[in-house]
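Just so it is clear, the structure is predicted and the values come from calculations on it, not from any experiment.
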Amino acid sequence: MMLSCSALVVVLLLSHARGFLTSLEDDGVPDDWVLLHVVQGHIGAGNYSYLRLNHDGRIILHMRSLKGDADLYVSDKTLRPSFDTYKLQSTTCGQDVVVVPGDFARPVGIGIYGHPSHQESEFEMRVFYDQTVFQDPFDRGSYSSDGEFKPGKPPASADEDFQEEESIFWTILIGLLKIILEILF
């Protein structure tokens with residue numbers, strides 16, 4: 001009798017373990033997505049961990065909070081996105097998913113934020129590449145049938161032009177100062 005009870009308990013535990021493992025593997029991920037990387041980590045309350053994404057194409061960030069609540073912030077303008085500076089975000093309790101479009105400038109900054117409601121958060125993030133979206137590596141713009149050019153990227157804004165001019169100004173100024181210092185000393 002004791003042997004049959006322990007056998008029943010072992011079978012029950014194995015079935016629960018099998019169900020747990022299959023639920024981890026099958027998160028409703030399509031077959032066309034390729035797993036690129038798995039990142040696991042811990043993050044303290046109110047702190048950030050930063051990652052950099054260099055891979056081209058449409059990328060899906062699929063993060064689960066194993067303990068606590070980790071939130072996801074993504075930007076193609078800064079490598080240190082936060083809840084103040086981001087382009088894409090997912091701030092749910094539990095599972096967070098962000099789809100990074102293929103036209104985002106690389107590298108893409110990824111910020112993982114430990115929500116202050118928990119002392120420490122533990123997370124697992126899977127990075128997938130979506131093969132269903134065709135990326136032409138030579139497509140930097142094209143001509144339509146009526147002869148009009150359609151750029152691959154949107155034109156730069158006035159603010160970006162100003163920053164570029166300011167950067168050129170400082171480069172020239174620093175170069176001149178180096179020459180003057182070299183002549184004097």
Side-chain angles (χ1 to χ4, degrees), residues 9-133 135 153-154 156-164 166-167 170:
V9 169
V10 168
V11 168
L12 184 64
L13 287 175
L14 287 175
S15 68
H16 279 288
R18 186 175 144 246
F20 177 73
L21 289 175
T22 55
S23 70
L24 285 179
E25 293 171 1
D26 183 29
D27 287 330
V29 175
D31 293 335
D32 294 331
W33 290 3
V34 177
L35 180 63
L36 297 175
H37 199 64
V38 177
V39 179
Q40 294 180 334
H42 298 266
I43 186 81
N47 292 318
Y48 286 93
S49 279
Y50 293 104
L51 304 169
R52 178 186 301 213
L53 173 67
N54 291 317
H55 201 283
D56 288 330
R58 184 171 184 246
I59 304 295
I60 296 90
L61 305 174
H62 196 274
M63 185 176 77
R64 290 188 307 136
S65 293
L66 304 173
K67 181 178 116 179
D69 181 23
D71 296 329
L72 196 55
Y73 297 92
V74 178
S75 176
D76 65 344
K77 298 291 183 197
T78 178
L79 292 176
R80 295 182 162 263
S82 66
F83 53 77
D84 292 329
T85 57
Y86 65 89
K87 276 212 169 168
L88 303 170
Q89 71 165 345
S90 180
T91 57
T92 64
C93 292
Q95 187 165 298
D96 295 297
V97 177
V98 170
V99 177
V100 180
D103 62 350
F104 258 39
R106 300 305 200 257
V108 173
I110 301 170
I112 301 168
Y113 177 68
H115 196 274
S117 63
H118 300 278
Q119 192 69 17
E120 182 181 63
S121 297
E122 183 179 348
F123 64 90
E124 177 183 82
M125 182 169 57
R126 295 179 184 182
V127 181
F128 293 97
Y129 170 65
D130 186 359
Q131 291 181 326
T132 60
V133 179
Q135 291 271 176
K153 291 196 174 192
S157 67
D159 188 37
E160 290 174 0
D161 289 340
F162 174 74
Q163 287 179 346
E164 186 176 327
E166 185 176 303
S167 174
W170 284 109

Steps toward side-chain contact (heavy atoms from CB on, under 4.5 Å) verdict (Leu61, Met125): CA-CA 7 Å; Leu61 305 174; Met125 182 169 57; 4.0 Å; yes
Under 3.5 Å donor-acceptor, Arg80 side chain and Gly111 backbone: no
Lys77 side, atom NZ; Lys87 side, atom NZ - distance, nearest 0.5 Å: 4.5 Å
Nearest heavy-atom neighbours spanning Val100 and Leu88: CA-CD1, 4.2 Å
Parallel, tilted or perpendicular, as decided by the 30° and 60° cut-offs, for the rings of Phe83 and Tyr113: perpendicular
side-chain hydrogen bond (donor to acceptor under 3.5 Å, both in side chains) against Tyr48, all qualifying residues, sequence neighbours excluded: none
Residue pair His55 / Ile59: nearest heavy atoms and the distance that separates them: ND1-CD1, 3.8 Å
Heavy atoms from other residues, nucleotides or ligands near CG of Asp31 exceed 12 (cutoff 6.0 Å): no
Working for side-chain contact (heavy atoms from CB on, under 4.5 Å), residues His62 and Gln95: CA-CA 7 Å; His62 196 274; Gln95 187 165 298; 3.4 Å; yes
Donor-acceptor pair, side chain of Ser121 and main chain of Asp69, under 3.5 angstrom: yes
Test item: Ser65 side-chain N/O and Ala70 main-chain N/O as donor-acceptor pair under 3.5 Å: yes
Distance-only criterion, 3.5 Å: show the donor-acceptor pairs between side-chain atoms of residues 34-44 and protein atoms not counting sequence neighbours.
{"unit_1": "Gln40", "atom_1": "NE2", "unit_2": "Glu124", "atom_2": "OE2", "d": "2.7"}

Nearest-0.5 Å distance that lies between atom OH in Tyr50 and atom OG1 in Thr78: 7.5 Å
Rounded distance (nearest 0.5 Å) linking atom OG1 of Thr92 with atom CG of Asp71: 7.5 Å
For Thr85, side-chain hydrogen bond (donor to acceptor under 3.5 Å, both in side chains) partners two or more places apart: Ser82
Euclidean distance, Leu72 CG relative to Phe123 CZ, rounded to 0.5 Å: 9.5 Å
